[in-house]
Amino acid sequence: MPELPEVETMRRGIAPAVGMRIDRVEIPRGRLRPLLIEPAPPQFASHVRGSVLEAAERFGKRLALRLRATDAKSSRARLATAATPRWLVVEPRMTGLLLVAEPPTQEHVRLRLGGESPAGRPAELLFWDRRGLGTLRLVDADGLARLCGEDRLGPDALEISAAELITRLGGSARAVKVALLDQKALAGVGNLYAAEILFRAGIDPRTRCSRLSRPRWRRLHAVMQEVLAEAIELEGSTLSDATYRTALNEPGRYQARHQVYGRAGQPCQVCGTDVTRIVQAQRSTFFCRACQVR
DNA sequence: CGTTCAACCTGGGCGC
DNA sequence: TGCGCCCAGGTTGAAC
């Protein structure tokens, strides 16, 4: 679910919590697999408790929350925290959410916020994940580089230049839709926005990257910026299952703009041709056979 | 290089 | 009503 626009919306939604101290960490027993939370809950909680949320940064579809340790009670804790700047890396995957309002059902992790709390500041930060495929990982600077560094993620889709996009993907033999999903090449675009971007660019998703002309790459680049910016403006896409919510537990509004995603068999809003669904790399691809050409 | 499959999970929708 | 199946905004590693 969450792609770049949804994760950016999440980042902005929790921004009011930046500067606040995490006074308590509550992790319901038996609800978190090792894959989902690292280190294991007792260590995770003891490391996070007492720290101040200093910043929330987005890397593609991931969020990294920078934590600073404060007034550690024991010298042992002070040593440990001073030696390792800590980042809480949140990877929502399909259904993970960060919320400052009550989640739809029991949350997975609840961080109670304290310290200076002027009116309007959230009292809690919640992680909720219906399918439980997301991850929360507490890491040091090396760990952050391993999870979000340039070996792992390509340039952010909102920041990459047209020239760099062409350099990174232009020579590939893969279908352009598949290449756009490659987070090592380009970070942030997922299945939904890849479909919408290619529709607006008029490009058949099956076209091999190496067959696209430079003008078409530049068009694709410009359209990618437009689509992502509009989706952020409308706080992301909430699909029919309503899983994705903003940090305030409200639906996004970009779904009203979808031209092809999830619209198989319905008429293209530009030309009336039925939208087609195919499968590429085991994922659904939606496109208009008339508007999108090779 | 590239593709393909399975795995991690829950839950909604559909046909029978 | 219920069962079995397919589907889903993502990522990863193995096999070919």
Side-chain angles (χ1 to χ4, degrees), chain A residues 1-10 30-38 58-63 89-98 103-108 127-137 146-148 151-154 157 168-198 205-211 227-228 231-232 234-246 251-265 277-286:
Chain A
M1 164 220 293
E3 304 182 27
L4 186 153
E6 288 76 24
V7 179
E8 177 61 18
T9 301
M10 238 176 253
R31 292 186 55 84
L32 297 176
R33 292 167 296 108
L35 177 67
L36 186 55
I37 189 164
E38 289 177 4
R58 184 183 57 76
F59 297 90
K61 303 175 192 172
R62 298 171 186 187
L63 274 186
V89 177
V90 180
E91 198 179 340
R93 302 221 181 165
M94 295 293 264
T95 51
L97 294 179
L98 278 178
T105 56
Q106 187 186 28
E107 73 284 356
H108 283 140
F127 179 73
W128 178 82
D129 189 344
R130 198 190 76 184
R131 287 171 70 179
L133 298 175
T135 63
L136 295 179
R137 284 179 282 201
R146 242 178 289 119
L147 293 173
C148 302
D151 288 347
R152 192 52 156 282
L153 297 177
R168 292 190 151 253
L169 294 181
S172 171
R174 297 130 103 195
V176 61
K177 153 74 179 345
V178 175
L180 288 175
L181 298 184
D182 179 353
Q183 303 299 300
K184 280 197 178 72
L186 171 71
V189 175
N191 205 39
L192 190 161
Y193 292 101
E196 294 300 318
I197 289 164
L198 289 169
R206 299 165 294 183
T207 313
R208 291 181 186 275
C209 290
S210 56
R211 303 291 298 259
V227 167
L228 296 175
I232 291 168
L234 295 179
E235 302 187 291
S237 299
T238 296
L239 303 180
S240 57
D241 70 5
T243 300
Y244 167 71
R245 321 291 290 177
T246 70
R253 303 181 306 283
Y254 190 75
Q255 62 279 6
R257 302 273 182 100
H258 292 179
Q259 307 256 39
V260 287
Y261 185 82
R263 298 193 65 249
R277 175 186 178 272
I278 61 172
V279 173
Q280 292 180 290
Q282 290 75 239
R283 325 264 330 252
S284 289
T285 297
F286 300 91

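Because only heavy atoms are used, hydrogens play no part in the values below, and waters and symmetry mates are left out as well, while side chains stay in. Just so we're on the same page: letters track the sequence lines, and every chain starts at 1.
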Expressed as a whole number of Å, how far does the [atom1] atom of [N] sit from that of [M]?
N     : M     : atom1 : result
C/dG2 : B/dC9 : C1'   : 23 Å
B/dC8 : C/dC3 : P     : 24 Å
C/dC6 : B/dC5 : P     : 14 Å

| task | Name the nucleic acid region contacted by A/Ser240, choosing base, sugar-phosphate or nothing; use a 4.0 angstrom heavy-atom cut-off, strictly under. | result | nothing
Open item on the list: Using a heavy-atom cut-off of 4.0 Å across all strands, would you classify A/Arg174 as base, sugar-phosphate, or nothing?
Closed with: sugar-phosphate
Ignoring hydrogens and angles, state whether a donor on the side chain of A/Gln280 or A/Thr285 is under 3.5 Å from an acceptor on the partner side chain.
-> yes
Notebook entry, point to check: Side chains of A/Tyr193 and A/Glu6: do they bring a donor and an acceptor to under 3.5 Å?
Noted result: yes
How long is the span from the [atom1] atom in [X] to the [atom2] atom in [Y], to the nearest 0.5 Å?
X        : Y        : atom1 : atom2 : result
A/Asp241 : A/Arg130 : CG    : CZ    : 5.0 Å
A/Glu38  : A/Thr135 : CD    : OG1   : 7.5 Å
A/Arg152 : A/Phe59  : CZ    : CZ    : 13.5 Å
A/Leu133 : A/Glu91  : CG    : CD    : 10.5 Å
A/Leu63  : A/Leu136 : CG    : CG    : 10.5 Å
A/Asp129 : A/Met94  : CG    : CE    : 10.5 Å

Go through it in stages, so that I can follow the logic: the residues are A/Arg62 and A/Val7, the test is side chain to side chain contact (heavy atoms under 4.5 Å, CB included), and I'd like the CA-CA distance, side-chain angles, deciding distance and then a yes or no. CA-CA 7 Å; A/Arg62 298 171 186 187; A/Val7 179; over 6 Å; no
Considering only heavy side-chain atoms of A/Ala173, the closest of B/dG2, C/dA8, B/dC8 is B/dG2
Specify the separation, in whole Å, of atom [atom1] of [X] and atom [atom2] of [N].
X        : N      : atom1 : atom2 : value
A/Arg208 : B/dG2  : CZ    : C1'   : 9 Å
A/Arg130 : C/dC7  : CZ    : C1'   : 11 Å
A/Met94  : B/dG12 : CE    : C1'   : 13 Å
A/Leu136 : B/dC9  : CG    : P     : 15 Å
A/Gln282 : B/dA7  : CD    : P     : 14 Å
A/Trp128 : B/dT10 : CH2   : P     : 13 Å
A/Ile278 : C/dC7  : CD1   : P     : 15 Å

Distances for protein N/O vs nucleotides 11-15 of chain C N/O pairs under 3.5 angstrom?
| from | atom 1 | to | atom 2 | distance (Å) |
| --- | --- | --- | --- | --- |
| C/dT11 | OP2 | A/Lys61 | NZ | 3.0 |
| C/dT11 | O3' | A/Arg62 | NH2 | 3.4 |
| C/dT12 | OP1 | A/Arg62 | NH2 | 3.4 |
| C/dT12 | OP1 | A/Arg152 | NE | 3.4 |
| C/dT12 | OP1 | A/Arg152 | NH2 | 2.7 |

Q: Could I get the full list of ring-ring contact (aromatic ring centres under 6.0 Å, His included) partners for A/Tyr261, not counting sequence neighbours?
A: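 Scan of A/Tyr261 (ring-ring contact (aromatic ring centres under 6.0 Å, His included), adjacent residues dropped) gives A/Phe286.
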### Query
List DNA chain B stems (3 or more consecutive Watson-Crick/G-U pairs, under 3.5 Å)?
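Counting only runs of 3 or more consecutive pairs, the stems involving DNA chain B are B:2-8 with C:10-16, B:10-16 with C:2-8.
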Note to self: Any side-chain N or O of A/Ser284 below 4.0 angstrom from OP1/OP2 of C/dC7?
What the structure shows: no
Closest nucleotide of DNA chain B for A/Arg131 versus for A/Ala281: which of these residues is on the 5' side?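 On the 5' side of the pair lies A/Ala281.
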